[in-house]
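FYI, side chains are in, hydrogens and waters are out, and symmetry mates aren't considered; it's all heavy atoms of this structure. None of these values were measured; they are calculated from a predicted model. Convention: sequence-line order gives letters A, B, ...; per-chain numbering from 1.
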Amino acid sequence: MVSPVYLLVVTIAAVFLVPLADRIGRSYGMSVFYAAIAAAAGLGLFWFLSLRGGAPAQNVFIAGFTGPYAIQLQLGIAESFVIVLVNTVFLLASIVLGGALIKEKAYALTLMLLMLTGINGLVLSRDLFNMFVFMELLSISTYALVAMPRNGQAFSAGFKYMIAGGLASTFFLIGTAFVYRTAGTLHLDYLLRSPELLHGGVGFAALFLVIAALLIELKPFPANGWALDVYQAGHPGVVSIITTAGTGAVLFVLYKLLPLMSVRMLQVLGGAGIVTFVFSNLVAIKQENPGRLLGYSSISQTGLVIAGMVFLRLFGIREIAVYAAVAGGLFLNHLFVKGLMFWLSERVGPRPIREWGVLAGKPLLLFLFGLAVVALSGLPPFPGFWAKWEFLKLLAANGYYPVLGFILAGSLIEVFYLFRWLGYAAVKEDHDTISPAPAVTLPMVAAAILLLAASVFFSGSLSVREPLLRLIPAAGILFYLLEPLPGRVKTVLALAASGSAAVIVLPGLSGLHLVFGIMLLGGSLVQMIAGLGSGGRRRGIYPGMVMMVYSFAGLLVTETALGFFFAWEMMTLASYLLILRGSRSARTPLLYMIFSTGGAFLILAGLITALPAGSLSSAGLGDLVFSGGTAFYLIIAGFLVKAGVVGVHLWLPGFYSEADHDVSPILSSALSKAAVAGLFIFMSLANGTVPGSDMFSVILGWIGGLTAFFGTLMAIYQEDAKRLLAFSSMGQMGYIILAASLMSTIGWTAAIYIAVTHLLFKGIMFLSVGGVVSRLNTTNMYEMGGMIKRMPLSFMTFLIGLIALSGVPPLTGFGGKWLLYSALVGKGWYMLTALALFSSAVAFLYCYRIIHSVFLGQLKTGFRAVKEASVWYLIPQFIFVMLIMIFSMVPRLLIEPISAAVGKLAGPDLLWQGNTVSHALGYWNGTTVMMVTMGVFMVPLVWLLSRVRSIQKVKQFNIVYAAERPDRPETTHYAHNFFAHYTKALGFLSLPLVRRFWEGAGEWISSIAAALRHLYSGNGQTYALQVMLYITVLYLFMR
Amino acid sequence: MHNKETLPNLGLPEHERDLFCDARPRVSKPLASYIEKFLNWSRANSLWILAYGTGCGAIELRPLFTARFDISRYGMAPRPTPRQASLLMIGGYLSVKTLKRVIRSYEQMQNPKFVIGLGSCTVNGGMYWDSYNTINRLDHYLPVDVYITGCMPRPEAIIAGFEQLKKRIKDGRAEGANQYAEQFDWYKANQKKIITDWNMPDYNW
Amino acid sequence: MIHAVTATGIILILTGLWCMLTRKHIIRIIIGFSIIDTGIHIMIVSTGYIRNRTAPILDHAVGLQGAADKVVDPVPSALVLTAIVIGLAVTALMLSYAVKLYRRKRTLDINNYAELKW
Amino acid sequence: MIVKALYIVLSVALVTVWGLTLTGIVRKIVARVHGRIGPPVWQPFVDIIKNNAKRTGISHGVMFYLGPVFRIAGGMGTFLFIPVLFGSDMFSNFSFAGDVFLVMYFIFFGQLGMALGSGEGGHPYSAIAVARGLAQMSAFEVPFALSVISLAVQYDTFSVSSIVAAQQGSIFSWTMFTNPLATIAAIIAMLGMNMHSPFDVVIAPQEIPIGPPTEYQGSFLGMLHTNRGIFNGAKLILFMNLYFGGATTIPEMIVKTFCIYMISVFVGVSFPRFRTDQSIRFFLGIPTLIGVAAVILYWL
């Protein structure tokens, strides 16, 4: 093995060689420069591989002495891990910087090399004073490089940085001196052997000063204003090195010192990390400048890494693998992502984040940016996800619930501003363009590939047993690569991919899983056919779509808690991509992401709380312990958020309605069932083990009932057809939750029955309206009308769907209502029965409103020539119509398998007698009802048909119009503000209180953020004062 | 068959022609006599009135529904829409403007349909006969079954008119709708002579 | 005596800090930083001092034999030497920043360099 | 099978004739209240014949054409799922196919079809009337639902036949006496259902000519009028079964439904019309509270 000393030798030698080579020619100098960095990275990789292969750790003593007097370099697995990462990113960053460096004199190159030397030295060295020297090497070269843009901002930022950095080094030096004075050695190994040397008064102070100095270097909130100025003003390439490689080295120093710290110190340090994480994210909300925003984000991530390793140490964990999994994972994630994002900001140039729409026309850059945002938010499959899971799991296992809560809150804020930014980039089209720059793009691609490779590595090390789960992101990426293909080809491929997933997965399922499998996979599959109806490229739909379908499969197949959460998050991500593609505004996808992530965090908190003590990552869902109650309630709350119950439904109308017309049906009919599936999976897991479940049932029931009511009520006021259907879905979800909360055989049968029928009829209605909208290019119902004349088939299917929705016999909808009321009255929940009945009566209002406004009434002049919707939209509708008719004729075909899957719960069973289903209170024979209905329908029809010859078919203006003729169809069609009288009578019930609440909450958080960021006055002296005060406060806490 | 013929609807601008039905009115032959007799009995005993009350004669219609005269005992009732009415009562003089509305309403009623002209004005223009704006003779424009003269006719006279109409219906003589269809072109020409700003289809289905 | 030196060091550090935190003039801030630096150096040297011993320089006065008993602890002195060099570099860099800043805005009041904030 | 079909025809014929006659009787009574002579009792039949005797008609399209079919199918269906006479095989209809919830929801079948048909007519007044009707319906559904729930609690069944069976014995075992609050709530809801004044804003003839059927004529209208008989009869029989002890003989049924209908008629001739928002607020006010009280009373 090559001695670690060569790592330093290579770069220092290059420091001297570069100016010489530069004399010969610019390109020679650059070549030597890159060769040295590449060599360093290569060495790191070589060591890492051999150390992983089992080679012993290397210790090198320089200057002919042995420790403690010599300069000792140690290269273990941890060091090599950091070295390889740091040097790789440094190499990539230097490539990004290439354009800027080539304009500078050779000094710039030497400064870069010195910086790298400092970084590597910090990682390798084992004694405090050497650390000081390398830190100064790093700092001074950084101070100089910050000034590279040569503008006023860069100079003042650099100067502020020097003041703060100077203070930090001062403290480090004082601390080092006192350590030497107390312990008589500066060598880490000796100090570690007898850490009690530092536990006295002076010793403590010495150690404190060292740690405080390191912490200042890591830019803790709020003593970090100077760093933010640097992030904003410095060249993104340089800044990316500071925040990734530089921070990484200092973090590693902190890691090396961890064993010296007392419990108290660790606690305070961990707290400081958490505070930094939460508040930096908070302040970032108001930030518009990309560099500074990335700065806040970097700082928060650093805080999280600090917290990660400190808490691990606090929990007494010594295995390096765990540190690698948590702190290493978080750091690696941060390293590549932040590198990527800073380089991207270099690429985009000096634009505030609102103007990042320039990326919208650049698929590769947008993809990279999206990847970075997703990875940084801690979503799967990236390392941050696995690391956070492990970290939070350990926090929960050790009872650090408040910390867990803070981390989740901070992450949520992070998700907010990152996805808002992604929204700006993806949705707002800007006519500016950015010129190609392969020197910047290539390192970004490399970073992305490395990040993905690391994801594979991390997911493997955390033993996700189910190989299918790995396919979820893989399918997404595959379909991203297939994007240049024509849309229809992609649809067929997506159908094939999803179909094969269904074929593989479904036979392995049973019981409720099978029912939901058929619903989610089958439902999506059928509706995906509609995609064939749209021409063009259809960019950005199929990666999300296929990923979503695979996530459905994953959700149902997985047997581990981690696997479930992984699939859940992938599903969220996939659906986010779909809505991002279709939405007209950035607001809807963002709202969806915030609420979904909030819900997912609740589920996450619940899952890790329920994990049995000492469990592995692969703990099965069946092993979860719900006896505490809290865990179960958290999980259910998470699913309720995802289901969009009243109070957290803010995201729902936009999400279900704004996607593409062939995607909305899947989101609204199939995806909404994923929350139901989750609800049922966990309710069956926990059934009987949760204390206080009666109260829980009642609360859940009322949540469901109120959701049904308010969803329905809001639906009747909508002017937008798709939004109306979206609110209708909310109402139907309310019924499902209400039925599920009954915890009885009939209740659950009702819930799943409603879920199945809702899938069918809402699929039909959304597809039908989608077909209409795709022809008319408007979703405002009052602009439509009379479509029955132009689109009779769409009308027919819509009508079937509508009858099924309204619950009118003889179609399937009635079965759901009947089961629901039976179960409710059987349980004794009379008020909820009445509420459900009222809601379903109100549902008639919006049913009529939409069918009248869209299909009936007056055909508008502009739409006299529109054609029937595409046949590809109609095929899935007719498939669903056929299913509805079959289930209506023989309800037994549907109810029996469902009740079999539900199994035996509390309450009476359903009894069958031929086609009559009955229970203690009532009975229903769907087949007879269907027959009778058809009979009584035929008799008058025959009579009317006998008179058909005398009847003249007339046109739309042949109406009685107070003896006048109608003026224009637009003024004759009654559609706008259809239920004005309902607003007058009950309008107070539909005031946007929920929106006001959430907007108020958002306003408050935003105001707090705005107030907090005034800490960063911009004055270097204030920053210095903040550093001093921070250290003082830290001392008071740690003492 | 002239039923299949379409009307040109020249009064309508090009883009509006598709909004109106352009079929000609048809003659609907009565059924076999004994059935028709029964049906005519029912028609006579269930006269639903569409009252066109812009003339002063309308004032005399109100008392018909009161306890004193009560025409509901004859099975008669007011009907707010021409679609469902079988008897159009023209309540007095017609101007150019109101004639247009009357024609539209009449055409929107279904065969068989009956017209009663109320007051002298419908017969010959009455006291307004020399106005620039009054229609003097209703049956140039619509087939009138019964005229009830007077200025104004009392409710008793109106009831007598109803009796007359019922008699006509029962006798099978009240075929105004078919007459209108048969001589459609003549009626239409007369109508268009008066109404110069014709912005309706030629036949208001 | 040692304590006096240490105390001097500490006083210098505090003086420097006070200077850094209160003076608005950039050059004075840099001077404050220098004072801190000096204070640290003095303090470090004082920690290695052993009474009645001489500087850890192996010359004729000390001789190689038994040098360990005649000289003070050499480590702090070595540290100080390195620290002085580093301090020099930092001070020089700070001053060059000051020059650059002054050329931009013709002012050396630190309050005038707060355009980056929040 | 054939016997059953025969029974069904008989049963439908009975309710049609009785329903239409009842309408005639009521018109006569209202006329007498006004001090008029009024139309003959058989006038509804004459009207139906007259309407079907129209020689021409117009149609706005398929849905318009099917609207009245839906309507009358809804009326007949509703009727066919209600047992007419207690203990009579002949007049039990298809009550074995579903319980009271089936009947409650089947009521909507015809209304929905009618609303759709008139919607295709393209007349704005039709849509306005439907909007009013639906709004009013959603409101009176609340006291009615509460009342039915109260009955379900009281009798521990949803089956209409069983509810009738439970009321046999003496007059005091009728729901009217055993559960007066539920009966009151249901009767108030029935006022809305029958669309008599004060809840006749839906068909307000002076304002939106006749409401949804504005464009209907001839056979279509005849069908709608026929349905009015059947549907009225069905609703009255349902109320009779649920609250007034059902009936064992046809005369008993006739007397009881007549009396029930008279409630609606009395209120109708005595009160002026509510606006839509007023009737919504009315139904969701006191009647709903009465319904809640009825449920709570039997709950406790």
Side-chain angles (χ1 to χ4, degrees), chain A residues 68-69 129 132-133 136-137 139-140 143-144 146-147 150-163 165-167 169-171 173-174 176-178 180-182 184-186 225-226 228-230 232-233 283 286-287 289 292 1010 1013-1022 1024-1025 1028, chain C residues 6 9-10 13 16-18 20-26 29-30 32-34 36-37 39-41 43-48 73-76 78-80 82-83 85-105 109-118:
Chain A
Y69 302 109
F129 191 72
F132 171 70
V133 173
E136 287 303 289
L137 203 54
S139 302
I140 294 174
Y143 298 151
V146 165
R150 294 232 171 85
N151 56 28
Q153 287 195 343
F155 288 133
S156 68
F159 187 72
K160 292 176 210 169
Y161 186 16
M162 285 196 78
I163 294 178
L167 278 177
S169 358
T170 304
F171 288 117
L173 193 57
I174 301 174
T176 310
F178 277 105
Y180 183 73
R181 184 179 179 150
T182 331
T185 179
L186 289 173
W226 45 278
L228 293 162
D229 294 350
V230 171
Q232 186 176 352
V283 177
K286 296 294 276 186
Q287 196 44 250
N289 179 292
R292 202 170 177 91
R1013 75 196 193 123
H1014 284 271
L1015 278 172
Y1016 303 126
S1017 64
N1019 189 326
Q1021 212 161 24
T1022 318
L1025 185 65
M1028 292 306 301
Chain C
T6 313
I10 290 173
I13 293 174
L17 261 179
W18 176 78
M20 263 185 99
L21 294 178
T22 55
R23 302 295 95 184
K24 297 292 170 197
H25 198 276
I26 285 179
I29 290 173
I30 298 173
F33 182 75
S34 273
I36 296 178
D37 241 14
I40 296 173
H41 300 156
M43 204 181 72
I44 296 177
V45 169
S46 80
T47 61
D73 189 343
V75 174
L79 297 188
V80 165
T82 320
V85 176
I86 292 171
L88 176 76
V90 173
T91 314
L93 199 54
M94 275 184 164
L95 285 169
S96 59
Y97 262 113
V99 171
K100 289 286 183 190
L101 288 175
Y102 183 73
R103 280 197 188 147
R104 296 266 151 190
K105 281 201 181 169
D109 188 337
I110 194 155
N111 289 341
N112 293 336
Y113 291 97
E115 66 269 31
L116 292 172
K117 53 187 172 184
W118 300 344

Which atom names give the shortest non-hydrogen contact between Y97(C) and A147(A), and what distance separates them?
OH-CB, 3.4 Å
I need the R104(C) CZ to N151(A) CG distance, nearest 0.5 Å.
6.5 Å
Considering only heavy atoms, which portion of F155(A) lies under 4.5 Å from any heavy atom of chain C: side chain, backbone, both, or neither?
both
Greatest number of non-hydrogen atom pairs under 4.5 angstrom with chain C, of V283(A), L173(A), L137(A), falls to L173(A)
By a 4.5 Å heavy-atom criterion (distance strictly below it), what part of K105(C) contacts chain A: side chain, backbone, both, or neither?
neither
Mind ranking A1024(A), A177(A), G158(A) by heavy-atom pairs under 4.5 Å with chain C and telling me who comes out on top?
G158(A)
Max heavy-atom pairs within cutoff under 4.5 Å with chain A, candidates T22(C), I40(C), I30(C), I44(C), goes to I40(C)
Measure distances from K286(A) to the heavy atoms of chain C and classify the residue's part below 4.5 Å as side chain, backbone, both or neither.
neither
Heavy-atom pair of closest approach, residues M43(C) and F178(A)
CE-CE1, 3.3 Å
Engaged part of D73(C) at the chain A interface, taking heavy atoms whose separation is under 4.5 Å
side chain
T170(A) versus chain C, the contacting section by heavy-atom distance below 4.5 Å:
both
Please look at L1025(A) and chain C and tell me whether the side chain, the backbone, both or neither of the residue comes under 4.5 angstrom of a heavy atom of that chain.
both
Quick check for you: to the nearest 0.5 Å, what is the distance between F159(A) atom CZ and I26(C) atom CD1?
4.5 Å
Sub-4.5 Å side-chain heavy-atom contact between L116(C) and L228(A):
no
Do V75(C) and F129(A) have side chains that get closer than 4.5 Å, going by heavy atoms?
no
Please report the closest heavy-atom contact between S1017(A) and A114(C), naming both atoms and the distance.
O-CB, 3.9 Å
Minimum-distance pair of heavy atoms, taken over all atoms of L93(C) and A144(A)
CD2-N, 4.0 Å
Taking atom CD1 of I140(A) and atom CE of M94(C), what is their separation to the nearest 0.5 Å?
10.5 Å
In terms of heavy-atom contacts, Q1021(A) and I29(C) come closest through NE2-CD1, 3.9 Å
Nearest atoms (heavy-atom pairs only) where E115(C) meets S156(A):
OE2-OG, 3.6 Å
One option among L79(C), T82(C), I13(C), I86(C) has the most heavy-atom pairs under 4.5 Å with chain A, and it is L79(C)
